[in-house]
Amino acid sequence: MLRSRGVLRRKKESEDELQAQLQYSQIELARVRGELSQLKNEQDGVIREAETTAEENTKAVLKGAARFLQSLAAEQTTLLDRVQREYGGHPVLSDLMDITHANAQMARKAQGIAVMCGAPLGRRNQPASVYDVVRSAQSQIRNFQRVEIMQPSGIALKASAVAPVALAVAELLDNAASFSQADAPIEVTFRQVQQNLCIIIDDAGVGMGDEERQRATALLSGDDVPRLSQLGTQPKFGFPVIGLIARQYGFKVDVTGVSRYGGVRAVVLLPEELWTMEETPSAPDTAPVSSIRPMESRSPSRTANGLPKRGPRVASIGDSPSADQPARRSVRRRGTGSLGALQRGAQTGRDVASLDAPMSEGSDNA
């Protein structure tokens with residue numbers, strides 16, 4: 001009996017000792033787990049900080065390079081414009097226009113990279129017709145001939161909205177042209193819905209699946225801004241750039257619709273704060289009396305029979321120039337008309353590009 005009690009006492013003591021060791025081990029395990037969690041959090045913070053620093057450094061380098069390319073593109077555009085004005089009737093005009101068109105595409109790509117890296121857009125001082133803004137966007141894509149624009153009546157974008165809307169529409173037109181056949185049409189229409197102005201782009205290209213629509217919606221909202229390292233070796237800046245400027249300037253872009261051709265319908269929705277009605281130019285006043293050329297009072301000479309003599313013919317203002325001032329040759333190569341008209345309508349876009357481009361300082365921007 002006494003022996004059984006001794007065994008039970010030693011068993012209880014062993015159990016108590018084991019219980020104490022178990023509690024100590026659990027406490028130590030919890031402490032180690034806490035330290036590991038803290039170390040993991042610190043490591044994640046260091047990694048995030050390193051990624052952020054690398055991203056900012058990469059953006060700074062790319063932004064400087066893009067701004068330098070923009071300044072070169074602006075200088076080249078100015079030079080080409082001067083050459084075209086000076087040699088407007090020369091057969092080489094068509095080639096100069098092709099070079100100008102390629103230069104406009106390069107400037108748009110550089111502008112998109114700069115915006116993706118945090119560079120601001122330029123700003124105009126005057127409103128511009130929404131038709132001219134879309135024409136300027138049309139002139140910045142490769143297959144501009146496929147774009148058909150329906151002209152609205154009397155709608156203009158406010159000065160602050162000209163540059164961002166032009167860039168956003170250019171990216172959407174480029175996307176529509178890239179994902180459709182070479183002969184497929186791209187239609188641009190305008191519609192006022194309540195207090196909003198909608199720029200609608202319909203293409204006949206390949207539609208998007210549900211997953212692609214969700215991804216595009218996230219990018220165009222501006223909430224999901226990918227890192228530069230996530231854009232891949234052949235980066236596509238279009239939708240991320242549109243999302244950034246749309247969120248910054250207060251308009252919306254949607255590409256979830258289906259066009260009547262079965263392709264994608266893109267809608268740029270501009271609230272009333274970004275557009276206005278064009279000012280109707282007032283009728284020209286009548287010319288003042290002082291600006292009217294007085295007639296010379298001359299008494300015609302007469303013959304011996306009293307008949308007036310025929311004098312030399314006086315050339316009118318609209319007659320052909322004299323030999324000292326030869327008329328400019330009007331030689332035009334075939335195929336220059338459409339691109340020339342396009343560039344005249346795209347002058348607004350050139351003004352915007354000149355505002356976006358920084359001063360050409362190669363040592364600072366290179």
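- With respect to the salt-bridge test (charged N to carboxylate O, under 4.0 angstrom), the residues Arg108 and Asp174 qualify.
- At least one side-chain heavy atom of Tyr261 sits under 4.5 Å from a side-chain heavy atom of Glu187.
- With hydrogens and angles disregarded, no donor-acceptor distance shorter than 3.5 Å links the side chain of Ser178 to the backbone of Asn175.
- Taking both residues in full, the closest heavy atoms of Val147 and Gln138 are given as O-NE2, 3.4 Å, listed atom of the first, atom of the second, then distance.
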**OP:** Go through Val267 and Ile199 one step at a time and tell me if the side chain to side chain contact (heavy atoms under 4.5 Å, CB included) criterion holds.
**Re:** CA-CA 6 Å; Val267 180; Ile199 304 175; over 6 Å; no
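- Taking the side chain as every heavy atom from C-beta outward, Asn41 and Ser37 approach each other to under 4.5 Å.
- With His101 contributing its side chain and Phe144 its backbone, the two residues share no donor-acceptor pair below 3.5 Å.
- A search for salt bridge (charged side-chain N to carboxylate O under 4.0 Å, His left out) contacts involving Arg146 returns nothing, not counting sequence neighbours.
- Tested against Arg265 for a side-chain contact (heavy atoms from CB on, under 4.5 Å), the candidates Val258, Thr256, Ile200 yield a single pass: Ile200.
- Between the side chain of Ser259 and the main chain of Gly263, a donor-acceptor pair closer than 3.5 Å is present.
- In this structure a side-chain-to-backbone donor-acceptor pair under 3.5 Å is missing from Gln214 to Glu211.
- Remark: side-chain polar atoms of Gln140 are paired, donor with acceptor, to backbone N or O of Ser136 under 3.5 angstrom.
- Ala128 and Val133 make their closest contact through CB-CG2, 4.0 Å (heavy atoms, listed as atom of the first residue, atom of the second, distance).
- Under the salt bridge (charged side-chain N to carboxylate O under 4.0 Å, His left out) criterion, Arg215 pairs with Asp224, not counting sequence neighbours.
- Proximity of Pro240 to Met116: side-chain heavy atoms (C-beta onward) are separated by under 4.5 Å at one or more points.
- Taking every heavy atom of both residues into account, Gly112 and Val241 meet most closely at O-CG2, 3.4 Å.
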Original post:
After noting the C-alpha distance and the side-chain angles of Lys158 and Glu273, does the key distance pass the salt bridge (Lys or Arg N to Asp or Glu O under 4.0 Å) rule?
Top reply: CA-CA 8 Å; Lys158 294 184 178 179; Glu273 294 82 8; over 6 Å; no
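- Remark: Arg213 engages Asp210 in a salt bridge, criterion side-chain N to carboxylate O under 4.0 Å.
- The two residues Ala184 and Ala204 come nearest to each other via the heavy atoms CB-CB, 4.0 Å.
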